[in-house]
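In what follows, a structure is listed as structure tokens, so that the remarks can point back to it.
Here is the naming used below: chain letters follow the sequence lines, and residue numbers restart at 1 for every chain. Values reported hereafter were calculated over all heavy atoms of this structure, with side chains retained and with hydrogens, waters and symmetry mates removed.
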Amino acid sequence: MAQIRLTNTKTRKKEDFRPIDPSNVRLYLCGPTVYDRAHLGNARPVLVFDVLVSLLRHVYGADHVTYVRNFTDVDDKINAEAQRRKGLGSPLSLEELITERTDETIGWYHADMDALGAARPDHEPRATGYIAQMIAMIETLIENGNAYAKEGHVLFRVRSYPDYGKLSGRSVDDMIAGARVEVAPFKEDPMDFVLWKPSDADLPGWDSPWGRGRPGWHIECSAMSEDLLGDHFDIHGGGIDLQFPHHENEVAQSCCANPHAGFANVWLHNEMLQVEGKKMSKSLGNFFTVRDLLEKGIPGEVIRFVMLSTHYRKPMDWTEAKREEAEATLRKWRGLVAGVTPAASPAPAVIDALSDDLNTAGAIAALHDLAGQGDAAGLLASARMLGLLTDELADWAEAGDEAGALIEALLVARSDARMARDFARADAIRDGFAAAGVEVKDTAGGAEWALATGFDAARLKALAGEVLS
RNA sequence: GGUGGGUUGGCGGAGAGGUUACGCACCGGAUUGCAAAUCCGUGAAGACCGGUUCGAUUCCGGUACCCACCUCCA
């Protein structure tokens, strides 16, 4: 069995992965703030972790991995949306409107990630379900001298944690020197960050020892991960943009609340997504959600393939050219494995690549090798380690009965024309196929077909109408 | 100012101190009524300047350029 190696942000090195408890490998991924549809960048860590979990289950056993991904459902953007709906005259209370919004968004999120073939985590805690644990953790931090309450706020005393900045490689003094830090009158130090903040009547709030209020963002993940995975677990991940301040603050909170525990052993951070070489942003007009792509007819499996074709620690560029290439490759492979029973186990080359810091691009290269050798069973079993060529994601590549019957009938017509040496008619049918996105292969045993990029059922129907009448 | 990432053949994109990455595209051949698909094959690379080494695209140092983060952001 290949030794799994992972690049640990904490040490900035690629290290052998040694689980704390091989019978229960524990991971936590920072999930979305559920205020709107997931954009394409949100999908990257989800897919990276999906493959990681699949690899860990392969190595340690399906029942020996616990994967947690949270929903942040306490957030000012969610509040703003609820207030907007209230302003439009909704009869629901603000709390109900927030629940309405977050339930709706979570439903979308599930649908979108399902469409990419990402397995649901074992636990998907919502922050609002863990307020009591957050309050308890904050109380501990105050007792330990790491936090202080002031004017309804509770703040983390950054100077009380000597290792602050270690995860992100920053020094507290540099951060203050360079920076735009919020200087609030109730802060002892400009770097101190909020654990709890007061809510006025227009905002959701919970009763606490410090009055009615709501938690700061960072404490949510500390409380949820501790409750579900314990105070010492294996892997914690997220986008590189979360490294600071979110993860740095999580480390500070959790390590001060549980000084001898250790928190996460390995930190994994994926690089950001770009679109045609630029950061995805609303102002550049290149911002889109996963749903936008799905609605344009881009299959989830194609999105997944493109995402996994770049190593997770490199910036990933979403381009039209990659989308096309991915689709062509998947169509080819789907044709190869049609009706084939997967091999008993994935190819060693694929496991080796994934074990080497989750080298999904290398794994895909190994899949190309298998395809080139004509090892369909091996290709199928191995691709499924990456969540590709699964039955769940197969729909887009299939023609359906009606189209299939039309194609068969047209192929008979073409064959007849060729036999009669009416090549003009035969070639017209072939050109029609090409225009409709159907690829015809003349083999020794007769004509075979497959759908190609840009398959168009309507054009196929029109072609059949012309030729077969 | 601080921090991180990137720079590989026409394009995408990995690994490895010395041996073909891989895919797509291109070119040549086989095959075909002509094609397509398929098969076989040929080309083509590692920003720049130094250093270490018998040998570096791979290690070390520096330079340049690009991207991102340091503020809610996966």
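With hydrogens and angles ignored, the 3.5 Å screen pairs no side-chain donor or acceptor of Asp189(A) with any backbone N or O of Arg159(A).
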Q. Is there a side-chain contact (heavy atoms from CB on, under 4.5 Å) between Met316(A) and Met272(A) once you walk through the steps?
A. CA-CA 6 Å; Met316(A) 137 93 218; Met272(A) 308 305 279; over 6 Å; no

Q: Could you please spell out the steps behind the side-chain contact (heavy atoms from CB on, under 4.5 Å) verdict for Asp16(A) and Ile4(A)?
A: CA-CA 6 Å; Asp16(A) 287 353; Ile4(A) 296 176; over 6 Å; no

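Annotation: rC59(B) and rA74(B) have their P atoms spaced 33 Å apart (nearest Å). Using atom C1' as the reference point in both rG17(B) and rU53(B), the two lie 9 Å apart (nearest Å). Atom C1' of rA44(B) sits at a distance of 12 Å from the matching atom of rC11(B), rounded to the whole Å. rC65(B) and rG15(B) are spaced 27 Å apart, taking the P atom of each and rounding to whole Å. Going from the C1' atom of rG41(B) to that of rC26(B) covers 14 Å, rounded to whole Å. The separation of rA21(B) from rA47(B), taken at their P atoms, amounts to 16 Å, rounded to a whole angstrom. Only the P atoms considered, rA14(B) is 31 Å distant from rG51(B), to the nearest whole Å. Taking atom C1' on both rA30(B) and rU42(B), the two are 15 Å apart, rounded to the nearest angstrom.
At a cut-off of 3.5 angstrom, counting only N and O atoms as typed in the model, there is a donor on one side and an acceptor on the other between the side-chain of Arg430(A) and the base of rA35(B). One N or O donor and one acceptor, one from the side chain of His39(A) and one from the base of rA74(B), sit under 3.5 Å apart.
Using a 4.0 Å heavy-atom cutoff across all strands shown, Ile364(A) reaches no nucleic acid atom at all. In this structure, Gln243(A) reaches neither bases nor backbone, as no heavy-atom distance under 4.0 Å exists between it and the strands shown.
Using the Watson-Crick or G-U wobble rule with both distances under 3.5 Å, rC11(B) pairs with rG23(B). With both pairing distances under 3.5 Å, rA44(B) is matched to nothing as a Watson-Crick or G-U wobble pair. Look at rC69(B): its Watson-Crick or wobble partner, with both distances under 3.5 angstrom, is rG2(B).
For Pro315(A), whose side chain is taken as the heavy atoms from C-beta onward, the closest listed nucleotide among rG33(B), rG6(B), rA74(B) is rG6(B). Counting only heavy atoms from C-beta on, Ala365(A) has its side chain closest to rC22(B) among rG33(B), rA37(B), rC22(B). For His311(A), the listed nucleotide lying nearest its side chain is rA14(B); candidates were rA14(B), rA74(B), rC22(B). Considering only the side chain of Lys441(A), rA37(B) comes nearest among rA35(B), rA37(B), rA74(B). Each of rG6(B), rG4(B), rG23(B) was ranked by its minimum atom distance to the side chain of Thr329(A); first place goes to rG23(B). Distance from the side chain of Lys77(A) is smallest to rC72(B) among rA36(B), rC72(B), rG13(B). Residue Asn359(A) places its side chain closer to rG15(B) than to any other of rA74(B), rA37(B), rG15(B). Closest to the side chain of Asp427(A), from the set rA68(B), rC34(B), rA37(B), is rC34(B). For Lys314(A), taking side-chain heavy atoms from C-beta onward, the closest of the listed nucleotides rA14(B), rC67(B), rC22(B) is rA14(B). Comparing rG23(B), rC72(B), rG15(B) by their nearest atom to the side chain of Asp356(A) picks out rG15(B).
Between Thr105(A) and Asp103(A), the side chains place no donor N or O within less than 3.5 Å of an acceptor N or O (distance only, hydrogens not considered). For Arg214(A) and Ser199(A), the side-chain atoms include at least one donor-acceptor pair closer than 3.5 Å.
With its glycosidic angle within 90° of 0, rG46(B) adopts the syn conformation.
Of the residues near RNA chain B, Arg421(A) and Leu273(A), the one whose nearest nucleotide (by heavy atom distance) lies more toward the 5' end is Arg421(A). Heavy-atom distances to RNA chain B give each of Glu271(A) and Gln274(A) a nearest nucleotide, and the one nearer the 5′ end belongs to Glu271(A).
Taking the six-membered ring where the residue is Trp, Phe193(A) and Phe156(A) present parallel rings, their angle staying beneath 30° rather than reaching 60°. Relative orientation of the His247(A) and Trp267(A) rings is tilted, given thresholds of 30° and 60° on the angle between their planes.
Taking atom CZ on Arg323(A) and atom C1' on rC24(B), their separation rounds to 14 Å, with Å as the unit. Between the CD atom of Glu439(A) and the C1' atom of rA36(B) there is a distance of 7 Å, rounded to whole Å. Between the P atom of rC72(B) and the NE2 atom of His218(A) lies a distance of 7 Å, rounded to the nearest Å.
In this model, the phosphate group of rG23(B) is not approached by any side-chain N or O of Lys332(A) to a distance below 4.0 Å at OP1 or OP2. Side-chain nitrogen and oxygen atoms of Lys322(A) include at least one within less than 4.0 Å of the OP1 or OP2 phosphate oxygen of rG13(B). An OP1 or OP2 oxygen of rG13(B) is reached within less than 4.0 angstrom by a side-chain nitrogen or oxygen of Thr310(A).
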